[in-house]
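What follows is a set of notes on a single structure, which appears directly below.
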Amino acid sequence: MTILEMKTIRFGILLLTVLTAVTGCKKDETPQNVPVDVDVSVSFAGEEYAKNLDVEGVTVNVYSASGQMVFQGTTDATGTIKVEQLSPATYTLQATKVYAASDFNAAMGKTEEADVTFTTEQKIVEVSIASEKSFDLQLMTGTTNALVIKQIYYTGSHAQQGASFRDQFIEIYNNSDHVVYADGLYIAEAYGANNANAQYAYQPNSGQYDWSKSYGMPANLNANVDYVYARTIIQLPGDGEQYPIQPGESIVVASTAVNHQSPYTGTDGVTISVQDPSLTVDLSKADFEAYYAPYIETGRPLASDVDNPTVPNVIVHRRSGNATDLIMDQTGRISWLIFNDEGMGAVSSWKGYDLPYTDGRERTDGTYIQIPVANIIDAVELQSSSTSTVYPKRLTAQQDAGWIAANGGARSSDAVIRKTKDVVNGRRVLMDTNNSTEDFLSIKANPRGFAD
Ligand SMILES: [Ca+2]
Ligand SMILES: [Ca+2]
Ligand SMILES: [Ca+2]
């Protein structure tokens with residue numbers, strides 16, 4: 001719509017309103033249909049953005065109830081725009097700002113390769129002479145969904161005194177006010193480079209693999225921005241409505257669903273026990289567990305990988321190398337995500353690619369499955385520790401602008417967990433600004449616990 005058209009429409013609305021007001025009003029009646037001016041303000045969700053990014057020049061769109069854009073403009077230095085002469089009605093407000101990667105990186109000290117888009121929710125508002133006259137919109141990267149990764153216990157516990165990698169788990173939380181089904185949910189690791197090696201091609205800013213150079217990668221795909229690449233892929237079972245998660249409740253997916261604090265018998269008949277039970281956790285009441293033995297065609301299943309008959313097993317689509325259980329990288333150099341297969345068909349039919357060898361060698365074994373960003377529900381970028389070198393990110397700012405690390409590092413009994421943002425009618429709403437540096441903190445692993 002051109003400005004002239006918009007002006008014409010606005011004039012039309014105004015004229016109609018004036019006519020209605022003139023013909024419909026009795027002497028001492030308040031005119032209900034006179035146009036009103038409203039202020040729309042934007043702010044960035046998350047302190048890091050609020051501190052470093054400018055609220056000026058953000059595009060604000062106003063749509064009618066039927067979805068027609070009735071106004072578009074950009075915010076001033078205070079992040080506000082006045083929308084004048086809106087006729088009383090229901091409107092939808094939304095704001096957008098796109099940063100070129102170089103601008104975003106300069107302002108934020110980041111290593112993004114592609115444009116970073118911020119959007120707000122579509123806020124539905126009633127505008128009338130009696131209504132609120134100012135509205136706030138929060139700018140965020142990427143999307144937020146009902147299900148979020150709440151806790152990742154990837155470090156495990158002390159190799160001798162604790163349970164090493166055996167007690168690892170991922171907890172997934174329903175952050176919404178309605179029931180969500182866990183059935184069919186996928187969990188995967190986002191794989192990537194940690195060090196540069198002349199064998200492979202890398203992206204210039206992030207230092208991450210340049211997957212567009214992988215053998216057989218279609219040239220029309222935005223291989224580094226629109227996809228992530230995974231080795232481990234597991235899926236929760238269920239027929240669609242078998243595993244409801246209530247609002248404010250979570251599910252725990254255990255590597256092995258036993259009480260790791262007590263001795264148990266391994267599949268080889270040998271007792272597995274820990275010297276210091278306080279270092280580990282009880283996962284006997286987990287909702288799901290990874291039981292890898294049925295998937296191991298060659299080699300020996302792991303003795304500690306027992307099958308708790310009361311805890312349903314996940315479907316294992318891809319194992320990391322020859323992994324004999326769901327064993328997460330205890331140093332945290334692998335990030336984790338949950339996703340669905342909407343519009344894609346079962347993950348078993350998805351394409352995989354190998355690393356981008358600079359010599360262009362043919363590799364058709366599809367080691368790393370290509371997961372569309374559009375199918376990602378939530379993702380968390382992990383690093384090896386909160387102080388040392390930051391490894392190249394696997395996720396763009398549209399999934400996770402930051403990263404988080406468990407304080408104690410590998411085998412420390414520490415987990416990363418999402419902070420609580422709000423408590424609404426007793427239900428905790430966890431923080432999800434798609435920046436895990438701000439959304440997460442480190443605690444001693446505590447299945448179904450909360451950070452704060
Ligand atoms: Ca297991
Ligand atoms: Ca089981
Ligand atoms: Ca998120």
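Remark: S214 pairs with no residue by the side-chain hydrogen bond (donor to acceptor under 3.5 Å, both in side chains) rule, at least two apart or across chains. Take D167 and apply the salt bridge (Lys or Arg N to Asp or Glu O under 4.0 Å) test, not counting sequence neighbours, and it matches no residue. Residues satisfying the salt bridge (Lys or Arg N to Asp or Glu O under 4.0 Å) test with D414, not counting sequence neighbours, are none. Annotation: side-chain hydrogen bond (donor to acceptor under 3.5 Å, both in side chains) contacts of D177 (sequence neighbours excluded): none. K213 pairs by the salt bridge (Lys or Arg N to Asp or Glu O under 4.0 Å) definition with D210, not counting sequence neighbours. Judged as a side-chain hydrogen bond (donor to acceptor under 3.5 Å, both in side chains), and not counting sequence neighbours, the contacts of K150 are E171. The ring-ring contact (aromatic ring centres under 6.0 Å, His included) check on Y191 picks up Y368, with sequence neighbours excluded. Qualifying salt bridge (Lys or Arg N to Asp or Glu O under 4.0 Å) partners for R333, counting only residues two or more places apart in sequence or in other chains: D329.
For residues 123-137, no pair satisfies salt bridge (charged side-chain N to carboxylate O under 4.0 Å, His left out), with sequence neighbours left out. Identified under the salt bridge (charged side-chain N to carboxylate O under 4.0 Å, His left out) test for residues 242-258, with sequence neighbours left out: none. Under the salt bridge (charged side-chain N to carboxylate O under 4.0 Å, His left out) criterion, the residue pairs touching residues 47-67 are E48-K110, with sequence neighbours excluded. The stretch residues 227-246 participates, sequence neighbours left out, in these salt bridge (charged side-chain N to carboxylate O under 4.0 Å, His left out) pairs: E189-R231.
Relative to the ring axis of Y353, K351 does not place its NZ or CZ within 45° and under 6.0 Å from the centre.
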